[in-house]
Amino acid sequence: MMARQFVWRVIFGLCSLLAGLVPVAGAMAHEGHDHGAPATPQATTLAPRAEAASADFELVAVLRDGTLAIHLDRFADNTPVEDATIELDTPEGSQTAKPTQPGTYSVPAPFAARPGAHDLAFTVTAGGTADVLAATLIAPEVPAPAEPSATAPAALALLGGSQLGLLSGVIIGFLAAILVMSLRRRTAALVLATGLGLASVAFPPSAQAADAPKPSTRDAAQRLPDGSVIVPKPSQRILGVRTIVTASGSHARTVELPGRVVPDANASGLVQTAVGGRLAPPQGGFKPLGTKVAAGEILAFVHPPIGASDLKDLEQQGYELDQQIAIVKRRYERLSAIQNAVTRREVEETEIELKGLQTRRATLERVQREPEALRAPVAGVIATSDAVAGQMADPNTVVFRIIAPDRLWVEALGFSPDVGRSGASGRLSDGRSVTLAFLGAGISDRSQALPLQFSVTAGAEQLRPGQFLTVLAEAGAPRAGIAIPRTAVVRGANGQTIVYEHVTAERFMAREVKTEPLDAGRVLVVAGLPPGRRVVTDGAELIDQIR
């Protein structure tokens, strides 16, 4: 008899424990739901908006908190339109938008409180151009806020549904098992029923639905499954997105050549010493690098060194000249005093001899004391300087290099003397470009190529002598294609060449294209892009990084 009671108590205890875990199973899983799979990322939605475009303008109206934010841009290049007048015709009458930011205007929209489609007409006047843009705004229904269950305690609402069900099930089942092992069957059944009721109250079926996340309505740039990119107008302003309308044309073929910037031979020069000596600064000291100098301006002095033996020889020559000058001078004075007794020729010859001796003595004195003056051969700026006070300079030593920064040449290596005769340009490593004009081509090979010289006609302020660049020289027959800026081309994940087409006001589509070099600032699209499309020129790299 006691054995049978013990078996029954064990069976009822296990049933009570399993009954306590039943709500947990209902809370953690239901039909059509699998907790083993990862959660789906939350989708970001956009606020209600309306778009309209014409040949001149592109407009996007965004509804937020009962106000329409109107973004107005130029259709061709996507630049914001400032100082425009926008009149909005709504079902409730006409209103004038007020500017808030450059290219952004706002107007109250009380009509949008009614859900449904609203036909709008925007009359835009800017810079002498007037246009009417029609759009339809769909106002969504505002969902009623969900009320929490009156039977659930406020403290229990702070816990998650799964954690609350698990905790209540384990506790109730454990208590029921203990009571079954110690009390009679009726008492255990009563406790079990009470536990099931409390579990169902603590975790109602609607709790999980009430905790479901709601999608946000913030305007965020995002990439769609089809590969296109949504970039709201405010984000386009921040990224500085600009576009051009493509057009097909005929362009000359170009080749890329390695080049180097060299000084103009007619506007540069070297300051060298003719004789060796000790360097000395002029009045005011040596001029620093970058200083502008005029042609003939003194930059330094060179004091030639004189040895002891040479100095003795110079002193001896000086004594001899002084003696001869004294003798000739006295003879000239005697002849001048008796001009009536001597001929005029004797007096003049004596005078000429005296002046010659005095000139030789002055020259000898100057050689000992006067230094050599180093002067600037051309006007320009000091590019290099090796002048140090007291430095001994050998003959033909380059002390200064003078360059005119606005007159530079570019020397490139090519394989034909006719390359670049019809036009050329240069591209620096940082993307800047310069305009070049053909000067001439050499006939002697240099590294198995011919040297070509070009003059810089525009953009010389960006260059410095010795700088390397890529020369794009025209050569060969022209070809047809679409010329776009190099900044419009980006590299895809697998290395393909991509441009972004501005499909709608806030949507961009990646287009794979085939390009060829055209000049320093442009490439030629020969396949993959038809004419008459809007292509992003500025901001394409940033759009390509949106995920």
Side-chain angles (χ1 to χ4, degrees), residues 51 53-58 60 73-79 221-233 235-236 239-257 419 422-433 470-547:
E51 299 181 3
S54 66
D56 298 316
F57 303 109
E58 186 175 59
V60 176
D73 297 324
R74 296 287 179 185
F75 180 81
D77 55 8
N78 201 50
T79 56
Q222 53 189 304
R223 186 176 293 271
L224 302 182
D226 62 351
S228 61
V229 182
I230 297 296
V231 184
K233 278 297 181 181
S235 300
Q236 294 183 29
L239 300 180
V241 177
R242 296 293 180 266
T243 62
I244 60 170
V245 179
T246 59
S248 181
S250 180
H251 304 273
R253 293 182 179 271
T254 58
V255 294
E256 294 186 359
L257 308 175
V419 172
S422 57
S425 59
R427 186 178 74 249
L428 303 177
S429 59
D430 56 1
R432 295 178 299 171
S433 60
T470 301
V471 177
L472 292 101
E474 296 182 0
R479 54 189 171 173
I482 298 175
I484 61 174
R486 290 180 176 269
T487 55
V489 180
V490 297
R491 291 292 179 184
N494 56 352
Q496 74 272 31
T497 305
I498 291 176
V499 298
Y500 276 91
E501 179 186 352
H502 197 180
V503 181
T504 60
E506 296 181 326
R507 183 167 173 263
F508 300 84
M509 179 63 72
R511 305 292 186 190
E512 186 174 352
V513 297
K514 179 182 178 181
T515 62
E516 296 180 1
L518 182 58
D519 54 33
R522 300 178 302 169
V523 296
L524 191 67
V525 178
V526 296
L529 182 67
R533 304 294 180 89
R534 290 188 297 171
V535 173
V536 178
T537 57
D538 297 340
E541 286 281 355
L542 301 176
I543 293 177
D544 187 60
Q545 297 177 10
I546 296 175
R547 296 293 182 265

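Quick caveat, the model's predicted, so the values are computed rather than measured.
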Provide the closest heavy-atom pair for [X] versus [Y] in the form atom of the first, atom of the second, distance.
{"X": "Pro517", "Y": "Glu256", "value": "CB-OE2, 3.5 Å"}
{"X": "Arg547", "Y": "Asp544", "value": "NH1-O, 2.5 Å"}
{"X": "Arg522", "Y": "Ala483", "value": "NH1-CB, 3.8 Å"}
{"X": "Pro531", "Y": "Ala247", "value": "CB-CA, 4.3 Å"}
{"X": "Pro530", "Y": "Thr246", "value": "O-OG1, 3.3 Å"}
{"X": "Leu472", "Y": "Arg427", "value": "CD1-NH1, 3.4 Å"}

[atom1]/[X] to [atom2]/[Y] distance, rounded to the nearest 0.5 angstrom?
{"X": "Thr487", "Y": "Asp538", "atom1": "OG1", "atom2": "CG", "result": "5.0 Å"}
{"X": "Thr515", "Y": "Arg486", "atom1": "OG1", "atom2": "CZ", "result": "8.5 Å"}
{"X": "Arg511", "Y": "Tyr500", "atom1": "CZ", "atom2": "OH", "result": "11.5 Å"}
{"X": "Leu239", "Y": "Leu542", "atom1": "CG", "atom2": "CG", "result": "5.0 Å"}
{"X": "Thr504", "Y": "Glu51", "atom1": "OG1", "atom2": "CD", "result": "5.0 Å"}
{"X": "Arg533", "Y": "Ile484", "atom1": "CZ", "atom2": "CD1", "result": "13.5 Å"}

Quick one: do the [X] and [Y] side chains pair a donor with an acceptor below 3.5 Å?
{"X": "Arg491", "Y": "Thr497", "result": "yes"}
{"X": "Ser228", "Y": "Asp226", "result": "yes"}
{"X": "Ser422", "Y": "Glu474", "result": "yes"}

For Val535, run the side-chain contact (heavy atoms from CB on, under 4.5 Å) check against Val245, Val489, Val499 and tell me which one passes. Val499
Between the main-chain N or O of [Y] and the side-chain N or O of [X], is there a donor-acceptor pair closer than 3.5 Å?
{"X": "Arg223", "Y": "Gly227", "result": "yes"}
{"X": "Thr243", "Y": "Ala76", "result": "yes"}
{"X": "Arg432", "Y": "Ser429", "result": "no"}
{"X": "Gln236", "Y": "Ala505", "result": "yes"}
{"X": "Ser248", "Y": "Ala480", "result": "no"}

Assess whether a salt bridge exists between Lys233 and Glu58, defined as any Lys/Arg side-chain N lying under 4.0 Å from an Asp/Glu carboxylate O. yes
Report the C-alpha distance between Val231 and Glu506 in whole Å, list the side-chain angles of each, state the deciding distance to 0.1 Å, and finish with yes or no for side chain to side chain contact (heavy atoms under 4.5 Å, CB included). CA-CA 5 Å; Val231 184; Glu506 296 181 326; 5.9 Å; no
A side-chain contact here means heavy atoms from C-beta on lying under 4.5 Å apart; do Pro478 and Ser250 qualify? yes
Checking side chain to side chain contact (heavy atoms under 4.5 Å, CB included) for the pair Ile546/Phe508: CA distance, chi angles, key distance, verdict? CA-CA 11 Å; Ile546 296 175; Phe508 300 84; over 6 Å; no
Working for side chain to side chain contact (heavy atoms under 4.5 Å, CB included), residues His251 and Glu516: CA-CA 11 Å; His251 304 273; Glu516 296 180 1; over 6 Å; no
